[in-house]
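Down below is the structure, laid out as structure tokens.
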Amino acid sequence: MPGLNLSSSHNVIVMQHDTASCFLSFTAPFLRRHEASSNIVLAHALKRVDAQTALSGFEFMSESDVYARLSSTDLDSHTPRPSNSAFWLTVWSQSSPSCPPTLDLVLACVDWTLGDYPIFLWTPNRVSATSSAWLAPRIAELTAHLTRCVPPERVFSVFGLTSLVKAFARAWTNLTGFPVEPEPFYAALFSQCTADTFRESDAALPEGHSLRKATPADVEPVAQLCKEFADDSIFFPLSIERARVEARELISKGLVWVYDASGDITTICAVTRNSHRVSAITKVYTTPRWRRRGCAEYLVREVTAQLLFNVGKDSVVLYVGHENSAQRVYDRVGFAGLCGKDKPDVVEDSLELGFVGADRGHW
């Protein structure tokens, strides 16, 4: 491929993409093929392109289109350069000049209304990612490139497949001197529910209770629940003022549902990462005085059913902490591989590690 000039030491190259459109123009077919596991990096990129581009510009792009683009790309345009806004790094390798390059790793450095997100990592090759011999040279190239894009203070945490995160954290600490926080910020399972695994329930809602999308009249109770959810996380607390900003955004975009107990908003369920076939439940929270009454299960089942059977999604995905009792709720709704059950291939072990001395963002 004449446009691809890979590192002679490991046949690996890192490309930098300063816009979501550029990133998707090189990765869309690979992300689409792994649409559930790539949900974080794909959905955040799609938010940054217009609807027409998201629906047609990338939906019909093939891997052959990507290889043609790579063959004519001036790789000097993807060399490391400082960035004060969102950008993506992709790691490619090529086993021989006659073979097409493969996409090995993706790094997303993005932000949102309330600040910077963690560094997100993803790979389409989970099997190889368990091999240190495969992973080490790729992570070395990736982290070296990242040090030339942002100051180390920007990298307050990294989230993704556990093997990727651990390898990244070791390399990043060695490069920058920023040590890993003593405790993980988050250790979770990635799970999904499909039409085949979804479980109905005959339990009727109590009289006067309802499950519905939040409206502008719900800003205050939704904000309060967003604040309580964030405060529970310890690492990313929210003031009530910033929680109101989040609540208004969720409600205005139609991304949050509530359990309404005769006017008392007990539970929220947010769905903030969406792509063509996959939606992610990103926040479920019940205020303490309403717990153990089934509110979360009612609401998660309703939202999941809406997404699968009314919206037409192939799957609904979520992350849940290893020790989080909410696993029982999600298991009863039909999310796979939880509560110690056999884990199908779609279930991944995920990790977020923080770095001491960095400027913490929020997610």
Side-chain angles (χ1 to χ4, degrees), residues 1-20 22-42 45 58 61-81 83 87-109 119-149 155 158-172 174-175 345 348 350:
M1 294 229 152
L4 206 58
N5 181 21
L6 297 180
S7 161
S8 59
S9 57
H10 299 296
N11 292 328
V12 171
I13 192 167
V14 180
M15 298 176 66
Q16 184 170 338
H17 314 273
D18 293 328
T19 68
C22 175
F23 167 65
L24 290 170
S25 72
F26 284 95
T27 61
F30 310 102
L31 299 174
R32 202 169 58 236
R33 190 197 304 163
H34 305 276
E35 195 168 334
S37 71
S38 71
N39 172 262
I40 289 182
V41 293
L42 176 57
F58 301 119
M61 180 181 293
S62 69
E63 292 180 16
S64 296
D65 295 329
V66 172
Y67 299 145
R69 184 171 174 81
L70 282 168
S71 69
S72 61
T73 293
D74 175 9
L75 294 181
D76 288 340
S77 66
H78 295 275
T79 56
R81 54 198 174 276
S83 178
F87 66 92
W88 293 258
L89 303 180
T90 54
V91 180
W92 303 80
S93 64
Q94 194 171 14
S95 58
S96 74
S98 61
C99 295
T102 61
L103 174 65
D104 294 332
L105 298 174
V106 170
L107 179 151
C109 182
I119 296 297
F120 295 125
L121 299 177
W122 177 74
T123 179
N125 197 338
R126 286 172 54 196
V127 174
S128 294
T130 63
S131 164
S132 59
W134 183 89
L135 194 54
R138 290 160 174 80
I139 290 292
E141 296 281 350
L142 184 67
T143 51
H145 191 117
L146 185 60
T147 61
R148 298 169 64 183
C149 300
V155 183
V158 57
F159 180 73
L161 191 69
T162 295
S163 60
L164 297 184
V165 168
K166 288 182 175 180
F168 178 97
R170 285 192 298 269
W172 189 251
N174 289 338
L175 279 174
D345 188 56
E348 299 178 352
S350 303

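Each residue takes its place number in the sequence, starting with 1.
Classified by interplanar angle (parallel below 30°, tilted 30° to 60°, perpendicular above 60°), the ring pair F159/F120 is perpendicular.
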For this session: Test side chain to side chain contact (heavy atoms under 4.5 Å, CB included) on V155 and W172 and set out the steps.
Result: CA-CA 9 Å; V155 183; W172 189 251; 3.4 Å; yes
For this session: Kindly determine whether T73 and F26 satisfy side chain to side chain contact (heavy atoms under 4.5 Å, CB included), including the steps that lead there.
Result: CA-CA 10 Å; T73 293; F26 284 95; 3.5 Å; yes
Exercise. Does the pair L121 and T123 meet the rule for a side chain to side chain contact (heavy atoms under 4.5 Å, CB included), with working shown?
Worked result: CA-CA 7 Å; L121 299 177; T123 179; over 6 Å; no
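For S64, there are no side chain to side chain donor-acceptor pair (under 3.5 Å) partners, not counting sequence neighbours. Not counting sequence neighbours, F87 has no partner by the ring pair (Phe, Tyr, Trp, His ring centres under 6.0 Å) test. Applying the salt bridge (charged side-chain N to carboxylate O under 4.0 Å, His left out) criterion to R126, with sequence neighbours excluded, gives D345, E348. With sequence neighbours left out, S37 forms a side chain to side chain donor-acceptor pair (under 3.5 Å) with W122. Checked against side chain to side chain donor-acceptor pair (under 3.5 Å), R69 has the following partners two or more places apart in sequence or in another chain: S25. Scanning for side chain to side chain donor-acceptor pair (under 3.5 Å) contacts around S38 gives an empty result, with sequence neighbours left out. Listed by chain and residue number, A45, R48, V49, W88 satisfy the side chain to side chain contact (heavy atoms under 4.5 Å, CB included) test with A20 (two or more places apart in sequence, or in another chain). With sequence neighbours left out, the ring pair (Phe, Tyr, Trp, His ring centres under 6.0 Å) criterion links F58 to no other residue. Residues passing the side chain to side chain contact (heavy atoms under 4.5 Å, CB included) test with S96 are S98, C99, sequence neighbours excluded.
Closest approach of A171 and T143 over heavy atoms only: CB-OG1, 3.8 Å. Of all heavy-atom pairs between Q16 and P80, the closest is OE1-CA, 3.5 Å. Listed here is the closest heavy atom pair of L70 and M15: CD2-SD, 3.7 Å.
How far NE2 of H17 is from OG1 of T90: 3.0 Å, rounded to the nearest 0.5 Å. Atom CD1 of I119 and atom CG of L146 lie 5.5 Å apart (nearest 0.5 Å). Atom CZ of R170 and atom CD1 of I139 lie 9.0 Å apart (nearest 0.5 Å). Rounding to the nearest 0.5 Å gives a distance of 11.5 Å between OG1 of T27 and NE2 of H34.
With hydrogens and angles disregarded, no donor-acceptor distance shorter than 3.5 Å links the side chain of N39 to the backbone of A36.
Applying the salt bridge (Lys or Arg N to Asp or Glu O under 4.0 Å) test to every pair with at least one member in residues 99-108, sequence neighbours left out, gives these pairs: D104-R138.
Counting heavy atoms from C-beta outward, L24 and L31 have side chains that approach closer than 4.5 Å. Here the side chains of L107 and F168 are in contact, with some heavy-atom distance below 4.5 Å.
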Under 3.5 Å, which donor-acceptor pairs do the side chains of residues 129-136 form with other protein atoms, sequence neighbours left out?
| residue | atom | partner | partner atom | Å |
| --- | --- | --- | --- | --- |
| T130 | OG1 | V127 | O | 2.6 |
| S131 | OG | A133 | N | 3.4 |
| S131 | OG | W134 | N | 3.3 |

